[in-house]
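Working notes, beginning with the structure itself.
Note that ligands are numbered from 1 as they come in the structure, with each ligand's atoms numbered from 1 the same way.
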Amino acid sequence: MSKILIIGACGQIGTELVLALREKYGNQLVIAADVRENCPDIIANGPYKKLDILDRDAVREFIIDEKIEHVYLLAALLSATAEKNPDFAWKLNMEGLFTILDLAKEGYLKRIFWPSSIAVFGPTTPKVETPQQTIMEPSTVYGISKLAGENWCSYYHSKFGVDVRSIRYPGLISYKSLPGGGTTDYAVDIFYKAKEGKEFNCFLSENTALPMMFMDDAIRATIELMEVDQEKVKIRTSYNIAGCSFTPKELTHEIQKIMPNFKISYSPDYRQEIADSWPDSIDDSVAKKDWGWSSQVDLPKLVEIMLKNVSIPV
Ligand code: NAD
Ligand code: AKB
């Protein structure tokens with residue numbers, strides 16, 4: 001059995017991915033790593049290493065000494081935070097990827113997962129049912145870093161045989177850990193306000209449609225892609241996957257079916273421009289064909305699960 005390292009393990013995806021991989025492969029084989037000093041309680045059921053992905057020597061030493069074979073590299077600045085600090089976003093989102101790709105090129109790692117995003121698309125991309133291959137001219141530093149990263153993954157695969165696999169996640173919605181500075185975060189925040197019985201002030205306008213997905217679907221997609229035979233992975237940039245697409249107004253209506261008194265108001269801010277540059281919906285037929293991907297959670301189910309499980313911080 002391969003030893004697995006998840007870098008950026010304390011974030012929104014990392015916490016749930018650590019739990020799912022430990023469930024599957026056992027607690028001791030799955031090491032959680034993050035720049036944060038302390039391991040959150042939710043993933044304290046297995047090994048934790050404080051590790052800064054920008055410390056190339058420390059990362060190399062740890063991976064080589066521990067004989068890690070699979071790495072999930074999740075550490076990054078997301079779209080909204082990255083626009084506030086473009087220089088650092090570029091550094092964090094790119095340098096760590098090279099450190100991991102190089103370790104695989106040198107034969108230390110057998111397989112890498114590196115997430116991309118719908119942010120690789122831009123204002124000139126067809127917005128509805130955005131295809132796997134299309135115009136890609138992102139207008140955010142986050143999108144530029146993800147598009148460059150995708151192309152580097154493909155390059156390391158074709159030139160050096162590196163087995164790197166990737167998914168363009170849509171906005172992810174979850175209740176086990178909070179989102180970390182993205183444009184789609186409103187679709188998580190809204191559930192906390194609804195549960196508190198408060199009005200939600202949305203930073204996007206009511207008709208802004210975006211591709212979204214419940215976290216369970218995203219974690220399942222990630223593990224399925226990492227487990228599928230090499231020859232089925234035909235795309236080495238990154239795969240489109242789709243869950244459900246909705247606007248803040250449509251999400252509100254769905255919440256109101258369960259909580260009729262819930263209210264929303266709108267104050268679009270700088271994140272509106274980012275959202276306007278992204279697709280409304282995604283065509284994931286290539287992932288379906290290549291490795292059998294299929295989403296299981298639609299909007300009504302997502303809302304039901306979120307309202308049942310979101311707990312208000314005390
Ligand atoms: P997040 O912000 O919630 O978590 C990122 C984690 O990385 C944090 O725990 C942070 O402490 C850690 N980190 C930051 N700098 C680090 C460093 N120097 N060294 C080690 N760890 C560091 O992000 P997320 O939502 O879990 O996203 C994970 C990945 O998935 C990112 O690459 C992101 O671009 C991608 N993605 C996320 C979404 C989404 O909706 N959550 C959608 C598309 C793509
Ligand atoms: C963000 O909004 O930045 C992320 C993403 C879609 O990549 N959730």
Side-chain angles (χ1 to χ4, degrees), residues 5-18 31-40 42-43 48-56 58-59 62 71-85 88-89 91-97 99-100 112-121 130 138 140-147 149-150 153 166-174 176-189 203-204 208 210-215 217-219 221-222 238-243 245 270-272 274-275 277-279 282:
L5 179 67
I6 299 161
I7 305 173
C10 302
Q12 190 195 8
I13 301 174
T15 47
E16 300 217 25
L17 188 60
V18 167
I31 304 174
D34 200 287
V35 73
R36 297 186 203 180
E37 192 64 45
N38 297 315
C39 173
I42 185 166
I43 52 166
Y48 180 78
K49 168 79 179 165
K50 181 182 182 290
L51 201 57
D52 181 352
I53 188 62
L54 293 175
D55 187 343
R56 187 176 166 93
V59 172
F62 186 73
V71 167
Y72 295 73
L73 174 55
L74 306 178
L77 282 199
L78 276 74
S79 58
T81 321
E83 283 312 298
K84 298 207 172 246
N85 198 349
F88 181 69
K91 185 179 169 68
L92 178 62
N93 295 6
M94 299 310 300
E95 280 183 19
L97 177 59
T99 300
I100 299 304
I112 299 168
F113 179 82
W114 176 82
S116 185
S117 160
I118 53 157
V120 291
F121 302 115
T130 301
T140 61
V141 64
Y142 176 65
I144 295 168
S145 73
K146 289 295 183 188
L147 184 56
E150 283 192 8
C153 288
S166 177
I167 284 173
R168 292 174 184 147
Y169 292 130
L172 299 181
I173 299 175
S174 64
K176 290 186 187 158
S177 58
L178 291 169
T183 303
T184 57
D185 293 11
Y186 92 83
V188 177
D189 302 342
F203 58 73
L204 298 182
T208 310
L210 285 171
M212 302 280 189
M213 179 175 282
F214 186 57
M215 187 62 85
D217 265 350
I219 298 295
T222 307
S238 190
Y239 276 101
N240 277 8
I241 60 167
S245 288
Y270 70 100
R271 289 167 282 195
Q272 184 66 48
I274 302 176
S277 77
W278 289 354
I282 296 288

Distance col, row Lys176:NZ vs Glu16:CD, nearest 0.5 angstrom, shows 4.5 Å

Rounding to 0.5 Å, atoms OG1 (Thr140) and OH (Tyr142) come to a distance of 8.5 Å

Within ligand 1, which atoms have a heavy atom of [X] less than 4.0 Å away?
X	result
Leu51	19 (N), 20 (C)
Ile53	17 (C), 18 (N), 19 (N), 20 (C)
Gly171	40 (O)
Leu74	28 (C), 29 (C), 31 (C), 32 (O)
Cys10	9 (O)
Asp52	17 (C), 18 (N), 19 (N)
Ala76	31 (C), 32 (O)
Gly180	2 (O), 3 (O)

So the atoms of ligand 2 within less than 4.0 Å of a heavy atom of Thr183 turn out to be 1 (C), 2 (O), 3 (O)

Under 4.0 Å from one or more heavy atoms of Leu78, ligand 2 contributes atoms 3 (O), 4 (C)

Applying a heavy-atom cut-off of 4.0 Å, say which part of [X] lies close to ligand 1: side chain, backbone, both or neither.
X	result
Leu92	side chain
Arg36	side chain
Arg168	neither
Pro170	backbone
Asn93	neither

### Query
Can you list the steps and then say if Val59 with Ile100 is a side chain to side chain contact (heavy atoms under 4.5 Å, CB included)?
CA-CA 9 Å; Val59 172; Ile100 299 304; 4.0 Å; yes

Starting from [atom], which protein heavy atom do you reach first, and at what distance in Å?
atom	answer
atom 9 (O) of ligand 1	Asp34 OD2, 2.7 Å
atom 8 (N) of ligand 2	Thr184 OG1, 2.8 Å
atom 30 (O) of ligand 1	Ile13 CD1, 3.3 Å

Minimum heavy-atom separation for [X] and [Y], please, with both atom names.
X	Y	answer
Gly180	Thr81	O-OG1, 3.9 Å
Ile53	Ala75	CG2-CB, 4.0 Å
Ala275	Thr208	CB-CG2, 3.7 Å
Ser116	Ser166	N-OG, 3.5 Å
Gln12	Leu172	NE2-O, 3.0 Å

Is ligand 1 less than 4.0 angstrom away from at least one heavy atom of [X]?
X	answer
Gly181	no
Tyr142	yes
Ser116	yes

Q) More than 12 non-hydrogen atoms from neighbouring residues, nucleotides or ligands closer than 6.0 Å to NZ on Lys84, yes or no? A) no

From the list Asn240, Thr184, Ile241, Leu210, side chain to side chain contact (heavy atoms under 4.5 Å, CB included) with Pro170 holds only for Ile241

Applying side-chain hydrogen bond (donor to acceptor under 3.5 Å, both in side chains) to Asp185 and not counting sequence neighbours gives none

Residues at least two apart in sequence or cross-chain that pass side-chain hydrogen bond (donor to acceptor under 3.5 Å, both in side chains) with Thr183, listed by chain then number, are Ser79

Could you walk me through whether Val71 and Trp114 pass side chain to side chain contact (heavy atoms under 4.5 Å, CB included), step by step?
-> CA-CA 8 Å; Val71 167; Trp114 176 82; over 6 Å; no

Checking heavy atoms under 4.0 Å, the part of Ala119 that sits near ligand 2 is neither

Below 3.5 Å, N or O to N or O, backbone or side chain included: is there any such pair between Leu78 and ligand 1?
no

With only distance considered, is Leu73 within less than 3.5 Å of ligand 1 through an N or O on each side? no

Looking at Arg271 and Glu83, is any side-chain nitrogen of the basic one under 4.0 Å from a carboxylate oxygen of the acidic one?
no

Atom 6 (C) of ligand 2: of Ser79, Pro179, Ala275, Ser117, the nearest heavy atom sits on Ser117

